[in-house]
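Scroll down for the structure; my scribbles are underneath it.
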Amino acid sequence: MEVIICSDEQAVGRIAADRITKVLSRAETPVLGVATGSTPLTTYSSLAALAAEGKADFTGLRAFALDEYVGLPADDERSYAATIRHTVTEQLGLDAANVHTPDGMADDLDAACAAYEKAIRDVNGVDVQILGIGANGHIGFNEPTSSLSSRTRVKTLAERTKADNARFFERGEKVPSHCVTQGLGTIMDARNVVLLAVGANKADALAGAVEGPVSAMCPGSVLQFHPHVLVIADEAAASKLT
Ligand code: F6R
């Protein structure tokens, strides 16, 4: 793993956007894996700035999101489909038809998960996957104890994750208890991974993922088996790396 430690969140986004653009520019039909959450927001705005300056061209770029809540339709502003639409599709000027999010509303969720895996395979896989990391070490919504070879499936959200994500819901509103998420095996199929971490509350999780034993108790640690991982963290998130 290559680890870059930056002074602040803005620098994390700038460096990530530079690297991601380089990888995508080498791909014939580029495919970007996108994460929701707060961490990648500076990366998305930096990617948009590169495009505005003519230093990147995202025409034809396809994107696949990591996860979605079960029970929230794409037009619900709290859904990850809506988040990706605002932060990625609109900001980077992508064709909405090229941007995919798992379907958390399908009658047959297992079939929808299998179809999502097939859709990723059909575009020849992901060139570069952007990841954040949960305070409990999750990547995507693969919570601790997730199988290291798992594929896209329905998962129960950990209590800590629900508490962390309650900020996106009104007071008193319940955070959905289930999600559809790409599996750890699915994420590991991406040809390149950029793992982002910002803030002191990610320091333990990042140290576990980068330097801890590979264990389902810290799902991010599976990335130690991946040949092309770039970790970009601010000083606070990197504070527990040796
Ligand atoms: C989001 C996702 C999650 C987040 C993680 C960190 O699609 O898959 O793994 O990346 O929960 O979230 P933030 O960035 O909000 O701290």
Side-chain angles (χ1 to χ4, degrees), residues 6 8-10 12-13 16 20 32-46 63-70 72 74 78-89 99-104 113 116 120 126 128-146 150-169 175-176 178-188 190 193-206 208-210 216 218-223 229 231-234 236-238:
C6 305
D8 58 45
E9 195 171 1
Q10 297 302 325
V12 169
I20 290 163
L32 178 64
V34 289
T36 55
S38 307
T39 315
L41 294 178
T42 58
T43 300
Y44 299 142
S45 54
S46 297
F64 284 83
L66 285 169
D67 38 23
E68 178 59 285
Y69 291 116
V70 168
L72 291 189
R78 299 160 306 175
S79 71
Y80 280 2
T83 304
I84 292 295
R85 193 160 59 242
H86 300 316
T87 60
V88 177
T89 316
V99 182
H100 307 271
T101 307
D103 183 0
C113 291
Y116 201 67
I120 296 173
V126 169
V128 53
Q129 175 67 54
I130 300 172
L131 294 177
I133 188 163
N136 63 4
H138 74 216
I139 53 174
F141 272 146
N142 296 283
E143 302 286 21
T145 74
S146 290
S150 47
R151 311 302 306 186
T152 302
R153 68 214 183 290
V154 176
K155 286 289 286 179
T156 306
L157 293 174
E159 288 305 321
R160 178 157 190 190
T161 303
K162 285 199 280 184
D164 285 347
N165 288 3
R167 67 189 193 277
F168 298 112
F169 292 77
V175 180
H178 290 80
C179 64
V180 174
T181 181
Q182 287 188 31
L184 294 170
T186 320
I187 292 169
M188 288 290 283
V193 173
V194 175
L195 173 65
L196 308 170
V198 167
N201 65 326
K202 300 296 176 67
D204 286 323
L206 190 67
V210 175
C218 179
S221 66
V222 73
L223 297 172
V229 177
V231 178
I232 311 177
D234 71 352

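Order of appearance sets the numbers: ligands from 1, and atoms from 1 within every ligand.
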Rounded to the nearest 0.5 angstrom, the CG-NE2 distance for D164 and H138 is 7.5 Å
Just to be sure I read this right, does ligand 1 sit under 4.0 Å from the backbone of D164, its side chain, both, or neither, counting only heavy atoms? neither
Test item, Q182 contacting ligand 1 (heavy atom, 4.0 angstrom): no
Which atoms from ligand 1 have a heavy atom of K202 less than 4.0 Å away? 6 (C), 13 (P), 16 (O)
Do any N/O atoms on I139 end up under 3.5 angstrom from N/O atoms on ligand 1? no
Atoms of ligand 1 close to D67 [distance to a heavy atom under 4.0 angstrom, numbered from 1]: 1 (C), 2 (C), 7 (O), 8 (O)
Considering the heavy atoms of L66, write down every atom of ligand 1 situated less than 4.0 Å from one of them. 8 (O)
To the nearest 0.5 Å, how far apart are OG in S79 and CZ in R85? 6.0 Å
Does a side-chain heavy-atom distance below 4.5 Å link D8 with D234? no
Going by the atom numbers of ligand 1, which of them fall below 4.0 Å from some non-hydrogen atom of R167? 15 (O)
List ligand 1 atoms under 4.0 Å from G132, heavy atoms only on the residue side. 10 (O)
Side chain or backbone of R160 under 4.0 Å from ligand 1, or both, or neither, by non-hydrogen atoms? neither
Closest non-hydrogen protein atom to atom 6 (C) of ligand 1, residue and atom name please, with distance? I133 O, 3.4 Å
From CE (M188) to CD (Q129), nearest 0.5 Å: 12.0 Å
To the nearest 0.5 angstrom, please state how far the CD1 atom of I20 sits from the CD1 atom of I130. 3.5 Å
Taking 4.0 angstrom as the limit and counting only heavy atoms of G37, give me the atoms of ligand 1 inside it, by number and element. 14 (O), 15 (O)
Heavy-atom check, side chain of L131 versus side chain of L66, under 4.5 Å: yes
If you measure every N/O of T36 against every N/O of ligand 1, is any gap under 3.5 Å? yes
Would you check, one step at a time, whether the test side-chain contact (heavy atoms from CB on, under 4.5 Å) holds for I139 with Q182? CA-CA 9 Å; I139 53 174; Q182 287 188 31; over 6 Å; no
Is it true that Y69 and F169 have ring centroids separated by less than 6.0 Å? yes
Could you see which bit of T39 sits under 4.0 Å from ligand 1, with heavy atoms only: side chain, backbone, both or neither? both
A student checking ligand 1 against G140 at a 4.0 Å heavy-atom cut-off should list atoms 2 (C), 3 (C), 8 (O), 9 (O)
Between CZ on residue R151 and CG on residue L184, distance to nearest 0.5 Å: 10.0 Å
Nearest 0.5 Å please: distance from the CD1 atom of I120 over to the OG1 atom of T186. 6.5 Å
For atom 5 (C) of ligand 1, which protein heavy atom lies nearest, and how many Å away is it? H138 NE2, 3.4 Å
